[in-house]
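Below is one structure, written out as structure tokens; comments come after it.
Computed from a predicted structure; not experimentally measured.
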Amino acid sequence: MSREWDNSKTENGIRRAQNIGMITQMEKFWSSDQKLAEMRGATLEDLEEFIHLFLINLKVVALVQGNLKKEDSKKVMNEVLAILKNPRPLLPSQIPERRVTKLKRGSTYYHVSNIPNQHDQNSTIWNFYSNGVKSIKNSVLIELLASIIETPLYDNLRTKEQLGYIVSSVVQTFGNTNGFAVVIQSHHTELLVINRKIENFFEIFYDILKGMTESDLQVFVQSLKANKEQKFNKLSEELKFNWQEVCSAEFRFDRRKLFVEQLLKTKKEDLVQFYEERILNKEKRRKISYLVYGCQCNLPSVSSVVSSIETEEEVKNSDSFKPAQLEKATLQSGGKITLLTSGQEHLLRRELPYYRLGEKR
């Protein structure tokens, strides 16, 4: 385990951005460095004491997948509990609540850090636009948007602008929330410049989206429908899908069926309105940008971020950017910016409200 956690120092920028996303978005999530630091001080006696205390009171959650009847499933679980010496159930107050941070509307957050790999000069930007608590309708809209935007995004930012050799869009999930993300990795273009180019592209894509016909939209609808109606190839795939429903406390085991039903009802105006509110409208959207700089790059200050947005001036990075607290600024347009770096994630989580796992829209 120590070797696995220590190997995080060699992770690429995309993987690091994903991990930082988990640290900032999830209330209780520990980085590899944090777990490694605790592991180094652990002893066999500590482990034995933990096992004893851990097994006294438990909340057991199980998913039985396959050709087992209800009675047989209960029998299996009773046998498991007997092996565990029938632990007492946790009191409601003892069950830790899992929560996801709720980014403020109209605010943009920038997390800046260097990649720990001292030989990797590539920089990565991961712009995440939060959709909040998942609903079937919004999940349909965000997946449909991701499939439509994929080709023009790559054509504009990779082929024409040549911003980086990795350019992609993804649907990102944190607990029972989801959102849309644009990911670009580059070794030659400053990340704040790429951030500006992404925002400029969104204006271009807005015209593309509005110019689509209903028949154009149906091409993507039918493709996404075919994907969702595919049967699981392995029992393990179905198990993973259902276990995610358990972990998010949503328990929508018929999610794919509901998804297709909602997908077939989706109109172009639904998608345009969704795009306007969640991506374009800076007063309503919730955005966090993870900027993972290469090993030889200095980190930008909050004034550099503001300058790159308002004046499109050449970005000047700071050699001594080591803020003791979150840095904040207000744009002339009225938007607000919060800048943080590694080790300050708890400060951001402290000032934000939360979504509870199990909360539904």
Side-chain angles (χ1 to χ4, degrees), residues 126-173 177-184 194-233 237-238 241 244-245 250 252-287 360-361:
W126 185 294
N127 279 2
F128 176 69
Y129 303 83
S130 176
N131 185 34
V133 174
K134 287 184 290 185
S135 69
I136 297 298
K137 181 177 181 179
N138 283 350
S139 295
V140 167
L141 291 170
I142 206 166
E143 289 199 37
L144 196 53
L145 172 63
S147 63
I148 296 172
I149 205 173
E150 181 179 10
T151 298
L153 177 78
Y154 186 90
D155 180 61
N156 189 286
L157 300 184
R158 171 67 177 89
T159 305
K160 294 178 181 176
E161 296 277 1
Q162 297 187 355
L163 296 181
Y165 53 91
I166 294 179
V167 175
S168 63
S169 61
V170 296
V171 176
Q172 180 69 48
T173 299
T177 70
N178 65 3
F180 172 76
V182 174
V183 186
I184 298 180
I194 296 178
N195 178 62
R196 189 168 64 237
K197 295 287 187 179
I198 292 172
E199 294 295 334
N200 291 342
F201 166 76
F202 284 155
E203 297 290 343
I204 296 172
F205 180 73
Y206 184 46
D207 293 331
I208 295 174
L209 191 60
K210 289 191 297 183
M212 289 183 66
T213 65
E214 286 293 342
S215 59
D216 293 333
L217 180 62
Q218 284 305 309
V219 174
F220 294 96
V221 168
Q222 293 304 317
S223 175
L224 190 53
K225 175 177 178 289
N227 177 270
K228 294 297 181 180
E229 289 181 335
Q230 284 184 346
K231 294 183 178 180
F232 295 108
N233 294 320
E237 294 177 356
E238 187 175 5
F241 175 86
Q244 288 175 338
E245 293 296 324
E250 293 177 273
R252 283 178 166 163
F253 301 110
D254 59 347
R255 179 178 298 276
R256 300 209 301 180
K257 175 178 175 291
L258 297 175
F259 186 99
V260 171
E261 290 175 355
Q262 181 61 47
L263 176 64
L264 296 177
K265 300 175 186 176
T266 303
K267 302 297 181 183
K268 172 188 162 183
E269 53 266 28
D270 299 328
L271 191 59
V272 171
Q273 182 182 2
F274 178 84
Y275 184 76
E276 290 171 344
E277 293 181 358
R278 305 304 168 93
I279 306 297
L280 280 187
N281 193 324
K282 296 178 182 179
E283 295 181 358
K284 291 185 177 181
R285 72 182 186 184
R286 298 183 173 100
K287 174 189 174 183
K360 296 180 181 179
R361 176 182 292 166

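Atom CZ of residue Arg278 and atom CG of residue Asn138 lie 5.0 Å apart, to the nearest 0.5 angstrom. Atom-to-atom distance recorded for Phe259:CZ and Glu143:CD is 4.0 Å, nearest 0.5 angstrom. Rounding to the nearest 0.5 Å places CD of Gln244 at 10.0 Å from CD of Glu250. The CG atom of Asp155 lies 9.5 Å from the CG atom of Leu153; values are rounded to the nearest 0.5 Å. Expressed to the nearest 0.5 Å, how far CG of Asn127 lies from OG of Ser169 amounts to 12.5 Å. Between atom CD1 of residue Ile136 and atom CG of residue Asp254 there is a gap of 7.5 Å, rounded to the nearest 0.5 Å.
Heavy-atom minimum distance, Glu283 versus Asn281: N-OD1, 2.9 Å. Here the shortest heavy-atom pairing between Ala146 and Val171 reads CB-CG2, 3.8 Å. Contact record, Asn178 with Ser139: ND2-OG, 3.4 Å, taken as the closest heavy-atom pair. The minimum heavy-atom distance linking Phe241 with Phe253 is given by the pair CE2-O, 3.9 Å. Residues Lys210 and Val272 share a closest heavy-atom pair of CG-CG1, 4.3 Å.
Judged by distance alone, the side chain of Glu214 and the main-chain N or O of Lys267 form no donor-acceptor pair under 3.5 Å. Here the side chain of Lys225 pairs no donor or acceptor atom with the backbone of Leu263 at under 3.5 angstrom. Checked by atom type and distance alone, the side chain of Asp216 pairs as donor or acceptor with a backbone atom of Thr213 at under 3.5 Å. Not a single donor-acceptor pair under 3.5 Å links the side chain of Gln262 to the backbone N or O of Lys137. At distances below 3.5 Å, at least one donor-acceptor pair connects side-chain atoms of Arg256 with backbone N or O atoms of Gln230.
For the pair Phe220 and Thr266, the minimum side-chain heavy-atom distance is 4.5 Å or more. For the pair Ile279/Tyr206, no side-chain contact is recorded, criterion being any heavy-atom separation below 4.5 Å from C-beta on. Looking at heavy atoms from C-beta onward, Glu199 lies in side-chain contact with Lys287 at the 4.5 angstrom threshold. Proximity of Val182 to Phe201: side-chain heavy atoms (C-beta onward) are nowhere separated by under 4.5 Å. Under the 4.5 Å side-chain criterion, counting only non-hydrogen atoms from C-beta, Ile142 is in contact with Phe274. Using a 4.5 Å cut-off on side-chain heavy atoms (C-beta onward), Arg286 and Asn131 make no contact. Looking at heavy atoms from C-beta onward, Leu217 lies in side-chain contact with Ile148 at the 4.5 angstrom threshold. Taking 4.5 Å as the limit, every side-chain heavy atom of Leu145 sits out of range of all side-chain heavy atoms of Leu141.
Other residues, nucleotides and ligands contribute over 12 non-hydrogen atoms within 6.0 Å of the CD atom of Gln222. Taking a 6.0 Å sphere around NZ of Lys228, one finds it holds more than 12 heavy atoms contributed by other residues, nucleotides or ligands.
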Test log, rule side chain to side chain contact (heavy atoms under 4.5 Å, CB included), inputs Asn156 and Glu161 = CA-CA 6 Å; Asn156 189 286; Glu161 296 277 1; 3.8 Å; yes

Stepwise salt bridge (Lys or Arg N to Asp or Glu O under 4.0 Å) test for Glu261 and Lys265 | CA-CA 7 Å; Glu261 290 175 355; Lys265 300 175 186 176; 5.9 Å; no

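Remark: aromatic rings of Tyr129 and Phe202 are close, center separation under 6.0 Å.
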